[in-house]
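The next block holds one structure in the form of structure tokens; read it before the comments.
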There are 4 protein chains.
Amino acid sequence: MSCRPPRTPAHRVRRAELAATAYAQVAERGLEGLRVREVAAEAGINHATLIYYFPTKANLVAGVVDHVLGLLVAPAVTPAPQPDQAVMHRLAHELEDIAARLERQPQIFRVLTELQLRGARDAEVGRALARMDDAWTRFLVGMLRSGIDSGELRSDLDADRAAGLLRAVFRGIGLAALRRDDQKPRDLVDEASKMLASWLAARSDR
Amino acid sequence: MSCRPPRTPAHRVRRAELAATAYAQVAERGLEGLRVREVAAEAGINHATLIYYFPTKANLVAGVVDHVLGLLVAPAVTPAPQPDQAVMHRLAHELEDIAARLERQPQIFRVLTELQLRGARDAEVGRALARMDDAWTRFLVGMLRSGIDSGELRSDLDADRAAGLLRAVFRGIGLAALRRDDQKPRDLVDEASKMLASWLAARSDR
Amino acid sequence: MSCRPPRTPAHRVRRAELAATAYAQVAERGLEGLRVREVAAEAGINHATLIYYFPTKANLVAGVVDHVLGLLVAPAVTPAPQPDQAVMHRLAHELEDIAARLERQPQIFRVLTELQLRGARDAEVGRALARMDDAWTRFLVGMLRSGIDSGELRSDLDADRAAGLLRAVFRGIGLAALRRDDQKPRDLVDEASKMLASWLAARSDR
Amino acid sequence: MSCRPPRTPAHRVRRAELAATAYAQVAERGLEGLRVREVAAEAGINHATLIYYFPTKANLVAGVVDHVLGLLVAPAVTPAPQPDQAVMHRLAHELEDIAARLERQPQIFRVLTELQLRGARDAEVGRALARMDDAWTRFLVGMLRSGIDSGELRSDLDADRAAGLLRAVFRGIGLAALRRDDQKPRDLVDEASKMLASWLAARSDR
DNA sequence: TATGAATGAGCTTTCATTCAT
DNA sequence: TATGAATGAAAGCTCATTCAT
């Protein structure tokens, strides 16, 4: 409280490392099971030292939020297609990205859900997630609009409403990570790809 | 612990009431914020009395699970269509049901998500949810199969995979309740209805 | 509090039975582990019914005291020798009695020790035990005096001091029940018999 | 639980002090009346601080056990006689030691009895007491053997059985502390000294 | 920077006891 | 007599946070 820690690069790096450790704990035990002492022990430092970097537990949770958002915007497994490519191709890439995450780091969806639930009661978490959601929505709307304009997508599509549904579909697929014995994420994504194509694509055969 | 209370009808009713109170608390403050004393206070009884009905907190959470499952199988807002009706009609009814819940009791999706997260770490909760999920899956698969057999749905549909995606879509729509300022649930559901139709329905025009 | 239960014979019998049940619980789990509900459950009645017979837990403990004292004065395994028999013979009988109890119902010494510890802090229990102890002391002193008078015991014996030591020896032997893997009670008693003889008996060989 | 406190000398000292406080509480109110909060209050610290040193109540009880054993092996009031002195003299010293404790710190016998009772149900406590008892037995047996070999004690003595009875006698004398209005411990010990002499000593006059 | 020690608010659970029926 | 329901006073324990060094 007296002297806030400096924002040197080394400090930032350390904070990021500790936030990653906290993220791992949340993935394992849930936000409810997050313990300051446990995170510090996992990081091999004294709990008071952790508090030096994150003065309150809320700060630590904010660090976890940052970490998750960082993971989400991180370079996907496959290189992102250019904006000038076909919309259906770009959507397929998004689905591919989700499938890859579901296979390699399913915890991210779990932690994200934990944070969304908390966001409803914690204004700071809520705002951060809302920002991310808005950015995602804008991205989807833009993509859909360009597809509609180019004639690749159905002309009677409402970009805003369609983006809302797209988000719901993606979210729903991500939530499959919460079931243990679910079917292969790959199958789910392949089927979703067909569904979206039949829904969005302009009917060239008419 | 020594002498368990009897299972008289009155006792069951009381337990159900208290579970409902606990459910409301979870909806408001999350599973993490569930407090035995708070639930008792809300119900206007001593906390020890609550423990008389639910000897442990885990029991109380199990009561919340039962309550949620009860809500989910409760008679939907509109009368359920008969199994001999068109599949698309029945699917539309499912969507309608979700929309109605999203408008009238959105907490149910919030609590359900809380329970799913806990289910990953709490075997008892996990089992109960898995049972529900399995029943839902069987229901969807059966519906899709009958549609495929009758020629109403695309003949090349894989009922199991399609049911998996359907579940994901429904789940994703339900999760819209976690966002505060989302678009109208009705719009989301209407759009989803179109999407599912274009995906599942046999192309009579070909 | 309003109406104390009647003292009918049936009532007394029931109280005695319940006290015996409580005694068994104390033997098993200690005075600290005595639970009103547990005793009631063991007796197959509602805990409130037990409270009807023993309005407070202290009453129940008093009942256990009575039960233990009853066991102690109960007809010993072998018929008690007449007061006109040799003192050493009567002492040997006392030792035999302890040995028999150590073999058949060692719990009695355990419970007795529990009660003695409590008696230091609970006036009611303390008084009851003190009465018993006094009676025992008087018995021993009388026996020793008659032996001294008759010339069977050493003439220079101080009956009061000797009785005190006798009590200590008996108590110490009884406490052997608190050790699990102790030597055979029989050996202990036999050895004690020799020790007391060499200490108390008049030296006829001098 | 996560990060156990270090075992620095200062820490050990503090633990010992707190264990002594707990010991005093047990002496005053019994093991049953031992309260973590009460001990902390008596020590002038917050109860959570006490838990910092003794993470569980069982740990605290173990600390009390250690404290008692430490008191028992502590340098007796009078300097311990050398092993080459007469056995009867050494036995007399043991009795003297008990008498001194009975007069100066009678609580030790009370607490010891509490612990013995608990040891029957608490494996950890039981083991610690068994170790002490074994050591004591070995000490007595060794002493008796040397006396028998040197001709100071009766040649027909069975060292093991005699040690068992000796232990019982000592224990019984120690238990005199549980009675409030008992005779002087000194008288008891003097009488016991005579008794043991007549029992153990070789009859030089025969 | 880093740490061990210390703290207070609050949690679930236990249990003897009371009471209306 | 007998019972199920209800209660309040604790109890042990957890944990984020503070602080002196």
Side-chain angles (χ1 to χ4, degrees), chain A residues 1-3 5-6 8 10-11 14 33-40 44-60, chain B residues 1-8 10-11 14 33-40 44-60, chain C residues 1-3 5-6 8 10-11 14 33-40 44-60, chain D residues 1-8 10-11 14 33-40 44-60:
Chain A
M1 187 181 289
S2 55
C3 56
T8 66
H11 191 263
R14 193 72 190 276
L34 181 66
R35 297 287 177 266
V36 169
R37 279 184 142 86
E38 208 70 32
V39 172
I45 61 175
N46 186 282
H47 74 276
T49 305
L50 177 61
I51 290 205
Y52 172 79
Y53 287 99
F54 294 97
T56 71
K57 193 180 181 181
N59 278 319
L60 184 59
Chain B
M1 189 180 288
S2 53
C3 64
R4 69 185 68 176
R7 292 300 189 153
T8 65
H11 193 264
R14 192 73 192 274
L34 182 65
R35 296 287 174 267
V36 168
R37 277 190 143 84
E38 209 69 33
V39 173
I45 60 175
N46 186 284
H47 76 275
T49 305
L50 178 59
I51 291 206
Y52 174 75
Y53 287 97
F54 295 96
T56 72
K57 194 181 180 181
N59 277 317
L60 185 59
Chain C
M1 188 181 289
S2 53
C3 55
T8 66
H11 192 262
R14 193 73 189 275
L34 182 64
R35 299 285 175 267
V36 170
R37 281 185 141 85
E38 209 69 33
V39 173
I45 62 174
N46 186 281
H47 72 277
T49 304
L50 176 61
I51 290 205
Y52 172 78
Y53 287 98
F54 295 96
T56 72
K57 194 180 181 180
N59 279 318
L60 184 58
Chain D
M1 188 180 287
S2 54
C3 62
R4 68 184 70 175
R7 291 298 188 153
T8 66
H11 192 263
R14 192 72 193 275
L34 181 64
R35 297 283 175 268
V36 169
R37 279 189 144 86
E38 210 67 33
V39 173
I45 60 176
N46 185 284
H47 75 275
T49 304
L50 178 61
I51 291 207
Y52 174 75
Y53 288 98
F54 295 96
T56 71
K57 193 181 181 182
N59 277 314
L60 184 59

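Below, read A as the first sequence line, B as the second, and so on, with proteins coming before strands; counting in each chain starts at 1.
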Given DNA chain E, 5'-ward residue of the pair C/Val36 and B/Ala58, judged by closest heavy atom: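 The residue whose closest nucleotide sits nearer the 5' end is B/Ala58.
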
If you assign each of A/Ala10 and D/Gly44 to its closest nucleotide in DNA chain E, which residue comes earlier from the 5' end?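 That would be A/Ala10.
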
Side-chain contact test, heavy atoms from C-beta onward, threshold under 4.5 Å: evaluate it for C/Tyr52 versus C/His11 and give yes or no.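 Yes. Closest side-chain heavy atoms under 4.5 Å.
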
If you only use heavy atoms from C-beta on, which nucleotide in [options] is closest to the side chain of [X]?
X       : options               : answer
A/Thr49 : F/dA16, F/dG12, E/dT3 : E/dT3
C/Asn46 : F/dG4, E/dT12, F/dG12 : F/dG4
C/Tyr53 : F/dT1, F/dG12, F/dC19 : F/dT1
B/Lys57 : E/dT12, E/dA16, E/dA5 : E/dT12

Measure across C/Ile45 and C/Leu50 and return the closest heavy-atom pair with its distance rounded to 0.1 Å.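 Where C/Ile45 meets C/Leu50 most closely, the heavy atoms are CD1-N, 3.8 Å.
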
What closest approach, in Å, do A/Phe54 and A/Asn59 show between heavy atoms, and which atom pair accounts for it?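 For A/Phe54 and A/Asn59, the tightest heavy-atom pair comes out as CD2-O, 3.6 Å.
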
Is the base of [N] touched by the side chain of [X] through a donor-acceptor pair closer than 3.5 angstrom?
X       : N      : value
A/His47 : F/dT17 : yes
C/Arg37 : E/dT17 : yes
C/Arg35 : E/dT14 : no

Expressed as a whole number of angstroms, how long is the span from [X]:[atom1] to [N]:[atom2]?
X       : N      : atom1 : atom2 : answer
D/Glu38 : F/dG12 : CD    : C1'   : 14 Å
A/Leu50 : F/dT17 : CG    : P     : 10 Å
D/Tyr52 : E/dA5  : OH    : P     : 3 Å

Closest-nucleotide mapping onto DNA chain F: is B/Arg14 or D/Ile51 further toward the 5' terminus? I mean the 5' end.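 Nearer the 5' end of the strand: B/Arg14.
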
By nearest nucleotide on DNA chain F, pick out whichever of C/Ala48 and D/Phe54 is the more 5' one.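 Result of the comparison: C/Ala48.
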
D/Arg35 backbone acceptor or donor facing D/Lys57 side chain under 3.5 Å: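 Looks like no, no N/O pair under 3.5 Å.
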
Base, sugar-phosphate alone, or nothing: which one does C/Leu60 contact when heavy atoms must sit under 4.0 Å apart?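 It contacts nothing in the nucleic acid.
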
What is the pairing partner of E/dA20, taking Watson-Crick or G-U wobble pairs with both distances under 3.5 Å in any strand?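 Pairing partner: F/dT3.
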
For E/dT13, give the paired nucleotide (Watson-Crick: N1-N3 plus N6-O4 or O6-N4; G-U: N1-O2 and O6-N3; both under 3.5 Å), or none.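 Its partner is F/dA10 (Watson-Crick or G-U wobble, both distances under 3.5 Å).
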
Interatomic distance, B/Leu60 atom CG to B/Ile51 atom CD1 [nearest 0.5 angstrom]: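 The distance works out to 9.0 Å.
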
